[in-house]
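In what follows, a single structure is set out as C-alpha cells and then discussed.
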Amino acid sequence: GESVGLHLPTLSVQEGDNSIINCAYSNSASDYFIWYKQESGKGPQFIIDIRSNMDKRQGQRVTVLLNKTVKHLSLQIAATQPGDSAVYFCAENIYGGSQGNLIFGKGTKLSVKP
Amino acid sequence: DVKVTQSSRYLVKRTGEKVFLECVQDMDHENMFWYRQDPGLGLRLIYFSYDVKMKEKGDIPEGYSVSREKKERFSLILESASTNQTSMYLCASSLKGSLEYNEQFFGPGTRLTVL
C-alpha cells in the first residue's frame, strides 16, 4: 500500500508462498496502470501493466487485479523467490493525457525469507 | 534490447558546484523524464521533455534545469548544488502519442551526494 511518513510498508513472506502487494491509486480518470520492481541500487523495471477495460491480467508468476470501484490495484506473485525481494510500486496514467506522465505510488518493500 | 543509460552511477560533489547528469536512450523515444527518489517519498518528477528543445516543469523543478538538444539525450543540471539535493536521480523515456500506453523505461540511476 501507500507509505506513511518516511518508512515504506514492508511485506515479509516465506520463500514459496504467494505475495500480494496493494496500491490505492488517486485519479478515477486513470485508465492505464503499471507495476514496477526496483531492486536495491537499480532503476525500476517494468513487471506488468493493465488497462482499465480489464480487471485482471496475468504474466509469468504475476497477476495484476484492478478494482476501479474502489480505485485499488494489487500485484500477486506466485511462489515467491528470493530474487523477488525488491521495492514494488504502482503507477497510473491517463490514456492519451499528459504526454505520458505517470503518477507513482511510494512503494512497498517485499522481503523474502529463505 | 531497449536501453536507457546514465553517465554516472555514483557522484560526489561539493556545495555550490554546477552538476551535470546525462541520460541517453536508444529507443527513439520522444518523451524523457528526470526524477529524484528519496526514502519514503517515492519518485518525484523534476522536469520532462516531449521533444527536442522542449521542456516542462514537473513537481519539484526548483534548483534544477534541463537541456534537450538531441532526441536521444536529456541532461539535468544542478546550477549550484546544495546538500538537500543529495538523492538518487532517475532518468526515464517513453513513446509519445495518444495511441500509445506510456510505459516508461528507466535508467540505472545516479546516486548523487553533495557535501
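Each chain gets a letter, A, B and so on, in the order its sequence line appears, and its residues count up from 1.
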Check whether Q38(A) gets within reach of chain B through its side chain, its backbone, both or neither, counting any heavy atom under 4.5 Å.
side chain

Looking only at G42(B), C91(B), G109(B), P108(B), most heavy-atom pairs under 4.5 Å shared with chain A are made by P108(B)

For the student: nearest non-hydrogen atoms of V112(A) and S85(A), plus distance:
N-OG, 3.2 Å

Applying a strict 4.5 Å limit to non-hydrogen atoms, the region of R111(B) in contact with chain A is neither

Need one label for Q6(B): side chain, backbone, both or neither, based on atoms under 4.5 Å from any heavy atom in chain A.
neither

Within the 6.0 Å centroid threshold, strictly below: Y47(B) and Y64(B):
no

Transitively linked via ILVMFWY side-chain contacts under 4.5 Å: L11(A) with V64(A)?
yes

So if you build clusters from Ile, Leu, Val, Met, Phe, Trp, Tyr with side-chain heavy-atom gaps below 4.5 Å, do V114(B) and I46(B) land together?
yes

